[in-house]
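All values derive from a computational prediction rather than experimental measurement.
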Amino acid sequence: MSGRGLVYLLVWPTEENVGRLGHCAVHELNHNIRYSNVVWGDPAAVTCTGTPLRS
């Protein structure tokens, strides 16, 4: 999880997962940088291009 300049990683400490922590941190940092200027309206929609995407 990430947002507002923070990254929170919660993993089960297995050997495989511990080896992936760096990759997970970079992935979440990418979200922080990429979406830092997006104005989020409806919490149920992701509005990166102005068109709400609903599941």
Side-chain angles (χ1 to χ4, degrees):
M1 296 182 282
S2 63
R4 298 184 186 200
L6 302 172
V7 173
Y8 179 79
L9 298 173
L10 178 66
V11 297
W12 193 258
T14 64
E15 190 173 318
E16 183 179 13
N17 288 341
V18 169
R20 294 178 177 177
L21 280 176
H23 299 278
C24 293
V26 170
H27 174 86
E28 291 303 324
L29 177 63
N30 176 54
H31 286 290
N32 266 331
I33 294 168
R34 199 168 171 192
Y35 298 117
S36 63
N37 295 317
V38 175
V39 177
W40 300 98
D42 180 7
V46 178
T47 55
C48 296
T49 61
T51 305
L53 302 174
R54 299 197 184 268
S55 55

Side-chain donor/acceptor of Asn17 to backbone N/O of Val11, under 3.5 Å: no

With Glu15 via salt bridge (charged side-chain N to carboxylate O under 4.0 Å, His left out) - residues at least two apart: none

Those residues that, when tested against Asn30, pass side chain to side chain donor-acceptor pair (under 3.5 Å) (two or more places apart): none

Gap separating the CG atom of Asn32 from the NE2 atom of His27, nearest 0.5 angstrom: 10.5 Å

